[in-house]
J.: 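Sharing a structure below in structure tokens format, with a few things to ask.
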Amino acid sequence: MTASEGRLERRYRRLLRCYPRSWREHREEEVVGLLMQQAAAEQRSTVGVRTAIDLIGHGIEARLDTALGWLPGRLREPIATAALIVVAGLSSLLLVGEIIAAHI
């Protein structure tokens with residue numbers, strides 16, 4: 001393994017920390033292997049932005065699924081939807097605040 005491949009693998013593993021430990025224990029090696037194969041096929045030595053966003057987003061989703069796992073099924077989706085709306089709203093407010101601050 002070259003130095004750049006080692007760095008790339010470490011970056012993938014760092015991104016996979018977004019996933020719950022139980023998920024990583026079962027799937028991390030397989031996912032890292034697939035990501036490394038894809039990077040080699042595309043001759044990439046860095047993690048793409050889309051890949052990073054995808055891994056982070058799915059990792060957060062997996063953590064939410066784990067956290068909400070104790071709730072009855074009929075409550076999980078409404079709570080997850082409400083949480084998404086709250087996070088999207090806060091993100092929008094922060095974005096608007098940054099835009100306003102940039103103009104001042």
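It should be emphasised that the depicted structure is a prediction, and the values quoted were computed from it without experimental measurement. Side chains are part of it too, since the values below use all heavy atoms of this structure and drop only hydrogens, waters and symmetry mates.
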J.: Could you pull out all residues at least two apart from Pro78 that satisfy side chain to side chain contact (heavy atoms under 4.5 Å, CB included)?
T.: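 In terms of side chain to side chain contact (heavy atoms under 4.5 Å, CB included), with neighbours along the sequence ignored, Pro78 is linked to no residue.
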J.: State which residues pass salt bridge (charged side-chain N to carboxylate O under 4.0 Å, His left out) with Glu25; sequence neighbours excluded, sorted by chain then number.
T.: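 Expected list: none.
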J.: Can you name the side-chain hydrogen bond (donor to acceptor under 3.5 Å, both in side chains) partners of Glu9, sequence neighbours left out?
T.: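 So Glu9 forms a side-chain hydrogen bond (donor to acceptor under 3.5 Å, both in side chains) with Arg13.
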J.: How many angstroms lie between atom CZ of Arg17 and atom CZ of Arg63, to the nearest 0.5 angstrom?
T.: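 Nearest 0.5 Å value for the CZ-CZ distance: 11.0 Å.
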J.: If you look only at distance, which donor and acceptor atoms sit under 3.5 Å apart when one is on a side chain in residues 52-62 and the other is two or more places apart or in another chain?
T.:
unit_1	atom_1	unit_2	atom_2	d
Asp54	OD1	His58	ND1	2.8
His58	ND1	Asp54	O	2.9

J.: Listing request: all ring-ring contact (aromatic ring centres under 6.0 Å, His included) pairs with a residue in residues 20-52, at least two apart in sequence or in separate chains.
T.: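 Non-adjacent pairs meeting ring-ring contact (aromatic ring centres under 6.0 Å, His included): Tyr19-Trp23.
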J.: Holding to ring pair (Phe, Tyr, Trp, His ring centres under 6.0 Å), I want the full list of residues that pass it with Tyr12, two or more places apart in sequence or in another chain.
T.: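 So Tyr12 forms no ring pair (Phe, Tyr, Trp, His ring centres under 6.0 Å) with any residue.
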J.: With sequence neighbours left out, what residues match Ser45 under side-chain hydrogen bond (donor to acceptor under 3.5 Å, both in side chains)?
T.: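 Once residues adjacent in sequence are excluded, Ser45 has no partner under the side-chain hydrogen bond (donor to acceptor under 3.5 Å, both in side chains) criterion.
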J.: Could you list the cluster mates of Leu34? Members are the ILVMFWY residues connected by side-chain heavy atoms closer than 4.5 Å, either directly or through other members.
T.: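 Once heavy-atom contacts under 4.5 Å are chained together, Leu34 still belongs with nothing else.
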J.: Sorted by first residue and then second, give each salt bridge (Lys or Arg N to Asp or Glu O under 4.0 Å) pair with at least one member in residues 38-51; sequence neighbours left out.
T.: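 As it turns out, the salt bridge (Lys or Arg N to Asp or Glu O under 4.0 Å) pairs with a partner in residues 38-51, which skip direct neighbours, are Glu42-Arg44.
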J.: Mark yes when over 12 heavy atoms from residues, nucleotides or ligands other than Glu5 sit less than 6.0 Å from its CD; otherwise mark no.
T.: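 Check passes, neighbour count above 12.
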J.: Please report the interatomic distance CD(Glu28) to CG(Leu16), rounded to the nearest 0.5 Å.
T.: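 Glu28 atom CD to Leu16 atom CG measures 5.5 Å (nearest 0.5 Å).
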J.: Kindly write out the residues that satisfy side-chain hydrogen bond (donor to acceptor under 3.5 Å, both in side chains) with Arg11, not counting sequence neighbours, or none if the list is empty.
T.: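 Residues passing side-chain hydrogen bond (donor to acceptor under 3.5 Å, both in side chains) with Arg11: none at all.
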J.: Can you give the donor-acceptor pairs under 3.5 Å from side chains of residues 91-99 to other protein atoms, not counting sequence neighbours?
T.:
unit_1	atom_1	unit_2	atom_2	d
Ser91	OG	Val87	O	2.9
Ser92	OG	Ala88	O	2.9

J.: Is a side-chain N or O of Thr51 found less than 3.5 angstrom from the main chain of Val47, in a donor-acceptor match?
T.: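 No: the side chain of Thr51 does not pair with the backbone of Val47.
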J.: Nearest 0.5 Å, what's the CZ-OG1 distance between Arg7 and Thr46?
T.: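 Arg7 CZ to Thr46 OG1: 10.5 Å, rounded to 0.5 Å.
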J.: Residues two or more places apart in sequence or in another chain: which of them pass side chain to side chain contact (heavy atoms under 4.5 Å, CB included) with Ser22?
T.: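 If we apply the side chain to side chain contact (heavy atoms under 4.5 Å, CB included) test to Ser22, skipping adjacent residues, the hits are Pro20.
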